[in-house]
Amino acid sequence: MKACALMESVTARNLKKLKAEFTELFLKSKTELPLAVLLGALPVWLFSFSEEQAVELLGGLLASEQLIKYSMFLAIPYALALGIKTFIRFSFDSSRERFRYIYSIVNETGTGFLTLTRTALGATIGVVVLYHTTDILSGSAKHVTAAYFNIISLTVINCLFALVNDWVTAQADRKHSQNPIQLPRRLR
């Protein structure tokens, strides 16, 4: 009987935690969608007066395949630094400072990738709105469905990535206590 009550308690706690995390993810879309509109959709709406202009603008807004691959490659050091930041505790102040410097550089690559995906999300939103409100763009139902799927998946990916970035930034900004024991330089 106690095991059943314990299991119910753990399940209720996990469901409450899952609900809080899902709510946080949903609330993150309140900032991610406006950013996407500013970065990608607004230029599409303002400067697309013909299909040729829209295609040219999208070519400029959307990253090339090589840049996307390179950004994915840069996600590896970002993930590695994230793991080190989260799971390894540095015992020396000098090591902590060196890692903080390296992390500040690597962290910017993560936000660069987020900017690429925000722009892609916004451009996709801009194309869908142009498709539905003007005669500038045309497409099949299959293309429109794929665009909606891309909007949903990019929104979720951006929200997740932004939450991780916010969490890591908060961890990086947290103050570490200075080591009270300072060895003379010759003993280090």
Do the side chains of [X] and [Y] join up, straight or via other hydrophobic residues, at under 4.5 Å, putting them in one cluster?
| X | Y | result |
| --- | --- | --- |
| Ile157 | Phe73 | no |
| Leu57 | Ile125 | yes |
| Leu130 | Leu61 | yes |
| Val44 | Leu39 | no |
| Val156 | Val128 | no |

Please check this pair: side chain of [X] against backbone of [Y], looking for a donor-acceptor N/O pair closer than 3.5 Å.
| X | Y | answer |
| --- | --- | --- |
| Ser29 | Glu32 | no |
| Ser153 | Asn150 | yes |
| Tyr131 | Val144 | no |

- Task: Inspect the surroundings of CD in Glu56 and state if more than 12 heavy atoms from other residues, nucleotides or ligands are less than 6.0 Å away.
- Result: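 Incorrect, the count does not exceed 12.
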- Item | Greater than 12 external heavy atoms within 6.0 Å of Asn14's CG |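 Buried by this count: over 12 neighbours within 6.0 Å.
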- Query: Rounded to the nearest 0.5 Å, what separation is found between the CG atom of Leu35 and the OG1 atom of Thr31?
  - Reply: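 The CG atom of Leu35 sits 6.0 Å away from the OG1 atom of Thr31.
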- Item | Spacing of Glu52 atom CD and Ile136 atom CD1 [to the nearest 0.5 Å] |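 Between atom CD of Glu52 and atom CD1 of Ile136 there are 10.5 Å.
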Considering all heavy atoms of both residues, which atom of [X] and which atom of [Y] are nearest to each other, and what is their separation?
| X | Y | result |
| --- | --- | --- |
| Leu116 | Ala63 | CD2-CB, 3.7 Å |
| Pro43 | Leu38 | CD-O, 3.8 Å |
| Leu62 | Ala120 | CD2-CA, 3.7 Å |
| Cys159 | Leu25 | CB-CD1, 3.4 Å |
| Leu137 | Ala54 | CD2-CB, 4.0 Å |

- Message: Contact between Asn158 and Leu114 at the side-chain level, heavy atoms closer than 4.5 Å - yes or no?
- Response: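 The answer is yes, as the side chains (C-beta and beyond) meet within the 4.5 Å cut-off.
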- Heavy-atom side-chain proximity of Ile152 to Phe149 below 4.5 angstrom: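 They are not in contact (no side-chain heavy atoms under 4.5 Å apart), so the answer is no.
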- Message: Between Lys28 and Glu24, does any side-chain N to carboxylate O distance fall below 4.0 Å?
- Response: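 Looking at Lys28 and Glu24, the cut-off is not met.
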- Task: Take the angle between the ring planes of Phe161 and Phe113 and call it parallel below 30°, perpendicular above 60°, tilted in between.
- Result: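 Perpendicular, since the angle between the ring planes exceeds 60°.
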- Item | Test side-chain contact (heavy atoms from CB on, under 4.5 Å) applied to Leu33 and Leu121, step by step | CA-CA 8 Å; Leu33 288 172; Leu121 171 61; 4.1 Å; yes
